2 protein chains.
Amino acid sequence: MPARSKRADALRNQQTLLAAAAAVFVTSGVDAPMREIAARAGVGLGTIYRHFPTRADLIVAVYRHQVEACAEAGPTLLTETDSPFAALRQWVDLFVDFLVTKHGLANALQSDSSGFEALHTYFLDRLVPVCAQLLEAAVNADEIRPGTHAYELMRGIGNLCIGHDSDPRYDPRRLVELLLQGLQRPQSP
Amino acid sequence: MPARSKRADALRNQQTLLAAAAAVFVTSGVDAPMREIAARAGVGLGTIYRHFPTRADLIVAVYRHQVEACAEAGPTLLTETDSPFAALRQWVDLFVDFLVTKHGLANALQSDSSGFEALHTYFLDRLVPVCAQLLEAAVNADEIRPGTHAYELMRGIGNLCIGHDSDPRYDPRRLVELLLQGLQRPQSP
DNA sequence: GACTAAGCGGAACGCCGTTCCGTATATTTC
DNA sequence: GAAATATACGGAACGGCGTTCCGCTTAGTC
């Protein structure tokens, strides 16, 4: 019993809000004042909170497609790439690219303030299993040392992506690459 | 001409504030409301801002000793440890321990909001040269590959220390160790 | 067209950083 | 010791932001 379906204006507003949020996130980052988003969408503050009770809900809704795409790319890369480690590296690249192009998203991802919990949860629930699969394949192929947990790796990568735009001398990609190399099994037998 | 020396009560308040801030930082993190610190010190808000115009100034003042100690440990470790890479590893451990025991400090260090600039600046100005020296020694000893910049490494390590207390499954030390291993020169000639 | 429940807007509250200035006091001067 | 003055103090006040709440509006229904 799906109750009664939502009102038309509610659905319209939800879409408008998503579009407005996406636009504002680009220019002002994911920490932009809620008022700014509401104003851009031409709705009241109450409306934004009714549709997206927490900021995290809004962020998740805005980026869900891209996260899904990233998650789905995992298995694909695994089958289409000859070495599992190469697949892992490409997948991580995808993830880093995603984070790095969203102002403040990496920061928000790690924020421990309640309210961002949903964000944290969604990203990790969706992506950690994918990462784990890639990791396991690479371990089985004897390309990397076992013992690294996907959760930890994902959070580490996320952390490394913080603040990349504050200084041109800091490029998260180089450090992530270093991390991956640290993962590689020493070639001694 | 050192102008006239400060008033006695001003000096006393400065000390009181430092102690109060140190105590509050332990319990509420370095983001604790300024009011809380002022209250704890038993002074007005104006006083805290007069002595420490920005939050970063206060944080720097509170932790200056420890940062100095860490900076000075660099050269010492280098002479007292047989391998430069081992010295680097120990030094990094020191730095991680420092960051990990200060709630929210790692976050603050990376915050790009103006006002934390002084913090960023002080930490990096003081520690990057030390790290660079260790790095260079390890490169010269042919223990690690050249091409990594101390600035980038320090920021990466700082980033990895963010959020360590939000989940027991996340241990920055393991990832930092991975990073260091990624630095090591592959043992192929 | 009237009814009703779903949805809307934005005023209002609380928290926080930061500024500003009337008041209090340490220090110097006589 | 008292007056003079530079210094420092306290906390009210302002603005920005997140979040809640409720009287009003409107879409969907009969």
Side-chain angles (χ1 to χ4, degrees), chain A residues 1-18 20-21 24-25 27-60 103-104 107-108 111-119, chain B residues 1-21 24-25 27-61 103-104 107-108 111-119:
Chain A
M1 216 123 307
R4 195 177 12 244
S5 68
K6 303 245 168 181
R7 260 168 59 166
D9 56 345
L11 291 170
R12 222 179 316 127
N13 272 331
Q14 186 151 336
Q15 288 314 111
T16 309
L17 274 170
L18 277 177
V24 170
F25 285 171
T27 60
S28 309
V30 297
D31 304 313
M34 289 299 226
R35 285 175 226 267
E36 189 179 338
I37 299 170
R40 171 109 185 194
V43 306
L45 267 176
T47 303
I48 203 171
Y49 278 100
R50 194 165 329 97
H51 287 290
F52 306 100
T54 76
R55 180 184 290 280
D57 293 321
L58 183 54
I59 298 177
V60 167
H103 281 202
N107 307 263
S111 163
D112 52 356
S113 99
S114 78
F116 282 92
E117 221 159 298
L119 188 62
Chain B
M1 216 129 300
R4 184 157 42 227
S5 66
K6 303 242 167 182
R7 261 168 58 167
D9 56 346
L11 290 170
R12 223 178 317 125
N13 273 330
Q14 185 152 335
Q15 287 314 110
T16 309
L17 273 170
L18 277 177
V24 169
F25 286 172
T27 60
S28 310
V30 297
D31 303 314
M34 289 298 227
R35 283 175 226 267
E36 189 179 339
I37 299 169
R40 173 112 186 192
V43 305
L45 267 174
T47 303
I48 203 171
Y49 278 102
R50 194 165 331 95
H51 287 289
F52 306 100
T54 75
R55 169 176 241 104
D57 293 322
L58 184 54
I59 298 177
V60 166
H103 281 203
N107 306 264
S111 162
D112 52 356
S113 100
S114 78
F116 282 91
E117 222 161 298
L119 187 62

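For clarity, every value in this text was computed on a predicted model and none was experimentally measured. Residue numbering restarts at 1 for every chain, and letters A, B, ... go by the order of the sequence lines.
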Do side-chain atoms of B:T47 reach the backbone of B:V43 as a donor and acceptor pair under 3.5 angstrom? no
Any donor and acceptor pair, going by atom type alone, linking the side chain of A:S28 with main-chain N or O of A:F25 inside 3.5 Å? no
Using whole Å, what does the distance between atom C1' of nucleotide C:dG10 and atom CD1 of A:I37 come to? 17 Å
So does B:R7 get a backbone contact from the side chain of B:R12, meaning a donor-acceptor N/O pair under 3.5 Å? no
Expressed in angstrom and rounded to an integer, what is the separation of B:L17 atom CG from D:dA8 atom P? 14 Å
Establish whether the base of C:dA6 is bridged to the side chain of A:R7 by a donor-acceptor pair shorter than 3.5 Å. yes
Taking only side-chain nitrogens and oxygens of B:H51, does any of them come within less than 4.0 Å of OP1 or OP2 of D:dA8? no
Between P on C:dA6 and CD on A:Q14, what's the gap in Å once rounded to a whole number? 16 Å
Quick one: is D:dG10 close enough that its OP1 or OP2 comes under 4.0 Å of any side-chain N or O from B:T47? yes
Donor-acceptor contact below 3.5 Å, side chain B:R40 vs main chain B:A19: no
Ignoring hydrogens and geometry, is there a side-chain-to-backbone donor-acceptor pair from B:R35 to B:L45 under 3.5 Å? no
Review item, nucleotides 16-22 of chain D N/O atoms under 3.5 Å of protein N/O:
residue: D:dG18; atom: OP1; partner: A:R55; partner atom: NH2; Å: 2.5
residue: D:dG18; atom: OP2; partner: A:M34; partner atom: N; Å: 3.0
residue: D:dG18; atom: N7; partner: A:R35; partner atom: NH2; Å: 2.5
residue: D:dG18; atom: O6; partner: A:R35; partner atom: NH2; Å: 2.7
residue: D:dT19; atom: OP2; partner: A:Y49; partner atom: OH; Å: 3.3

If only atom types and distance count, is the side chain of B:N13 paired as donor or acceptor with the main-chain N or O of B:A10 below 3.5 Å? no
To the nearest Å, how far apart are B:I48 CD1 and D:dC9 P? 12 Å
Any side-chain N or O of A:N13 under 4.0 Å from OP1/OP2 of C:dG7? no
Closest approach to the side chain of B:D9, judged atom by atom: which nucleotide of C:dG7, D:dC9, D:dT7 is it? D:dC9
